[in-house]
Student: 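This structure is in C-alpha cells; I'll ask about it shortly.
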There are 2 protein chains.
Amino acid sequence: MYPPSPREASANTMHSPRSTFDNLDPHKQGRVLEESLQEFAEHGYHQASVNRIVGRLGIAKGSLFQYFGSKEGLFRHLFARALDEIKAPLKAIRDADSGEPFPLRLRRVFVEGAAFARSHPLIWRVYRRMVAQEDFPLRALLLSQVRDEALTYLRELVEGGQARGELRPDADPQAAAFLIEAALDRALTAQDAPLLDAGFGLSSGDEFQRQQRLAALADILSQGLLAPVDISSTGRHAPPHKGDANA
Amino acid sequence: MYPPSPREASANTMHSPRSTFDNLDPHKQGRVLEESLQEFAEHGYHQASVNRIVGRLGIAKGSLFQYFGSKEGLFRHLFARALDEIKAPLKAIRDADSGEPFPLRLRRVFVEGAAFARSHPLIWRVYRRMVAQEDFPLRALLLSQVRDEALTYLRELVEGGQARGELRPDADPQAAAFLIEAALDRALTAQDAPLLDAGFGLSSGDEFQRQQRLAALADILSQGLLAPVDISSTGRHAPPHKGDANA
DNA sequence: CGACGAAGTGACCGGGTGGTCATTCGTATG
DNA sequence: CATACGAATGACCACCCGGTCACTTCGTCG
C-alpha cells in the first residue's frame, strides 16, 4: 500500500534530502543498509570502512557516496531506521502491563529487553558502541533520543509503584531508575559478551535458563525497592497485603 | 655495557625484553608514559596516534618505537603499570573491613571505587574503553586479569554476608555479584559521563552529595539482598525460614 | 533513431597511519 | 685525541582512509 503522492513512508524525525537511494529497488536498499549496519556493528564508527562495505556489496564506492553523501550520512540514515525499530516495542511494553504489580512489570522489562537485544543484535551492538565510545559523530544528540525514552519509562514505573504503595516511599525514584537501567544494560550486554557475563551465565544456557536468571536480577532489585514490612521507618500505611497477585 | 646490578624495580607480571626505555632518565620515562596514557584515554586504542604522542612529547617517532617496539607494545607497557596501581587499593579494600556488616561494606565498595576512578581518571577511561570496545589488542587476556579479581571479591562479599546470616540464603551469589558489579561500573562511569548519568546527578554536585548518592545505590542493593521480611508476589519458592536474621 | 536524465563507476586525490633504518649525537672511556 | 656505543633522529615507506568527479551505462521517452 504505497500512497501515490506522499512518498515519505516512514515518519522519520530526521529528514534527509531526497537522494538517489530512495529511488532504488527496495531489495537493493535493504542489502545496502544491512551490510552497512553489519560493518558498523563489527568495527564501530571510525574503524568501519567504506571500502569494505562497497566491497562486500559489490558496488562502486561512488554509489555509496551518491546515496548518503558521506560516511556520517550513511550512519545517520542507519540510526534513523534503527530508532523506528526501537520505539515500537518500547511503547508496546509501556502500554501492555500498566496494571500489573511492580515486580512482575520489572521482570517483563528485563525479559522483553533481552528479547529485543537478541532479535536485533546488530542494532544493539552499535548502540552499545555509541554509549561507550565518546567520539561517535552525533553521540549526544542521537543517544538522548533513545535514552530519554527508556529512562522516563523506568522512572514512571518506579513512581507508579510508589503511588500504589507497592514500593518504599522513601526510595529515590531517580536512584531506582539509575540502578535498573544499569542492571538492564549490563544484562543485555552480557548476553553476547561472555567477558562481561561475570560468571553469571547470561551468555550461555538455553532460553529458559536465561529468562530465569534475568528474572532473578529483576527480583533482587524489586526486593530492594519493595515497601518494608517490619523495619522501622514506614510511618505511613501498611503495605497492601499481596497474597498472590499473579495467577 | 650493562648496568652492574640489575635494577629491576617493578615486579611486573608482564616481563618485556630489556629495552632502551629502562635506561632512560626516570623523569623522561614518566613523561612518556603519562602522555601516552593520555592519548589512549582520549582516543581509544585505534584512534590513538603515535604521531600525536611523539608530537606532544617533542621526541622523534623512532625513539618511541625503539622503546616499545610497536604501538601495541607501548599499550602493553601502560597496562602493566596500570595493573599495579589498581591491585593495591583493591587489596586494601578487601582486607580493611571484613568485620563490618554487609550494607556498610557495600557502601564502602561504592565510595572507594568512586574515589579510585576519580583519582585515576585516565586509567579508568582506558579501562572503560577496553570493556566496551571489542577490538582492543589483548582485551580478553588483559581484562580477565583485573575483572576476575574484582568479581571474586564481590562474590566473597555476598557469600560472607550469607554465612553470617545477614543476607537471604536463597539469593544467588553470582546474581548478586553480577548486579553489584553492573551498578558499580555504571556509577563510576557516570561520574564523568553526564550522558550516562540518567539524571541521577553522579556527575554533578559536591563530594558529599555524590557520596550520598553512591550510598543510596548501595543501600537499595543491600535491601534487595538482606535477610527476608516477606517475599512477595513472585512465584519463586518462599525463603526457607525467616525467624531470626535481623531484629 | 537521437536526446536526455538518472544510476553506476573506479581511477585518482590529499592526508594520516604504523613502522623502518641509515645516520648523527653525546659522552664516557682508553 | 680517537674510539666505541647506546640514544636520538626524521626522512621515507607501503598502506589505507574518506571523498571526488569526469565518465559510461541504461531505460525511457519523442
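Side chains are part of it too, since the values below use all heavy atoms of this structure and drop only hydrogens, waters and symmetry mates. Sequence lines set the chain letters: A, B, ... in the order given, protein chains first and strands last, and positions in each chain run from 1.
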Student: Report the residues that fulfil salt bridge (charged side-chain N to carboxylate O under 4.0 Å, His left out) with A:E134, sequence neighbours left out, ordered by chain and then residue number.
Tutor: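 Salt bridge (charged side-chain N to carboxylate O under 4.0 Å, His left out) list for A:E134, sorted by chain: B:R125, B:R128.
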Student: Using the test salt bridge (charged side-chain N to carboxylate O under 4.0 Å, His left out), find all partners of B:R94 that sit at least two apart in sequence or belong to another chain.
Tutor: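 Salt bridge (charged side-chain N to carboxylate O under 4.0 Å, His left out) check on B:R94 returns nothing, list empty.
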Student: With sequence neighbours excluded, give me every side chain to side chain donor-acceptor pair (under 3.5 Å) pair touching residues 114-124 of chain B.
Tutor: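 Listed once each, the pairs are B:E85-B:H120, B:R118-B:Q191.
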Student: Tell me every residue that passes side chain to side chain donor-acceptor pair (under 3.5 Å) with B:R155, counting only those two or more places apart in sequence or in another chain.
Tutor: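 Per chain and number, B:R155 pairs via side chain to side chain donor-acceptor pair (under 3.5 Å) with B:Q174.
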Student: Could you walk me through whether A:K91 and A:E149 pass salt bridge (Lys or Arg N to Asp or Glu O under 4.0 Å), step by step?
Tutor: CA-CA 9 Å; A:K91 179 162 269 180; A:E149 202 130 351; 6.0 Å; no
Student: Distances for protein N/O vs nucleotides 7-17 of chain D N/O pairs under 3.5 angstrom?
Tutor:
| unit_1 | atom_1 | unit_2 | atom_2 | d |
| --- | --- | --- | --- | --- |
| D:dA7 | OP1 | B:N23 | ND2 | 2.9 |
| D:dA7 | OP2 | B:T20 | OG1 | 3.1 |
| D:dA8 | OP1 | B:K28 | NZ | 2.8 |
| D:dA8 | OP2 | B:Y67 | OH | 2.8 |
| D:dA8 | N7 | B:Q66 | OE1 | 3.3 |
| D:dT9 | OP2 | B:A60 | N | 3.0 |
| D:dT9 | OP2 | B:S63 | OG | 3.3 |
| D:dG10 | O6 | B:G62 | N | 3.4 |
| D:dC17 | OP1 | A:S49 | OG | 2.9 |
| D:dC17 | OP2 | A:N51 | ND2 | 2.9 |

Student: Quick test of your reading: applying ring pair (Phe, Tyr, Trp, His ring centres under 6.0 Å), list the pairs with at least one residue in residues 180-206 of chain B, sequence neighbours left out, ordered by first then second residue.
Tutor: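 Applying ring pair (Phe, Tyr, Trp, His ring centres under 6.0 Å) to every pair that reaches into residues 180-206 of chain B, excluding sequence neighbours, yields A:F178-B:F200.
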Student: Can you tell me the distance, in whole Å, between the CG atom of B:D25 and the C1' atom of D:dG6?
Tutor: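 It is 16 Å, rounded to the nearest whole Å.
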Student: Please identify each residue that fulfils side chain to side chain contact (heavy atoms under 4.5 Å, CB included) with A:Q29, with sequence neighbours left out.
Tutor: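 Scan of A:Q29 (side chain to side chain contact (heavy atoms under 4.5 Å, CB included), adjacent residues dropped) gives A:F21, A:L24, A:R81.
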Student: Please identify each residue that fulfils side chain to side chain donor-acceptor pair (under 3.5 Å) with A:N51, with sequence neighbours left out.
Tutor: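 By the side chain to side chain donor-acceptor pair (under 3.5 Å) rule, A:N51 matches A:K61.
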Student: Among pairs that include at least one residue of residues 40-52 of chain B, which meet salt bridge (Lys or Arg N to Asp or Glu O under 4.0 Å), considering only residues two or more places apart or in two chains?
Tutor: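 Qualifying pairs, neighbours excluded: B:E39-B:R52, B:E42-B:R56.
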Student: Enumerate the salt bridge (Lys or Arg N to Asp or Glu O under 4.0 Å) contacts for residues 200-215 of chain A, please, sequence neighbours excluded, ordered by first and then second residue.
Tutor: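 Every salt bridge (Lys or Arg N to Asp or Glu O under 4.0 Å) pair that includes a residue of residues 200-215 of chain A, provided the two are not neighbours, is A:E207-A:R210.
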Student: For a 4.0 angstrom threshold against heavy atoms of chain A, report the outermost contacting nucleotides of DNA chain C in 5' to 3' order.
Tutor: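 Counting from the 5' end, contacts occupy C:dA7 to C:dG10.
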Student: Would you mind reading off the bend of the helix from C:dC1-D:dG30 to C:dG30-D:dC1 from its two end axes, five pairs each, to 10 degrees?
Tutor: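 That helix has its two terminal axes inclined by roughly 30°.
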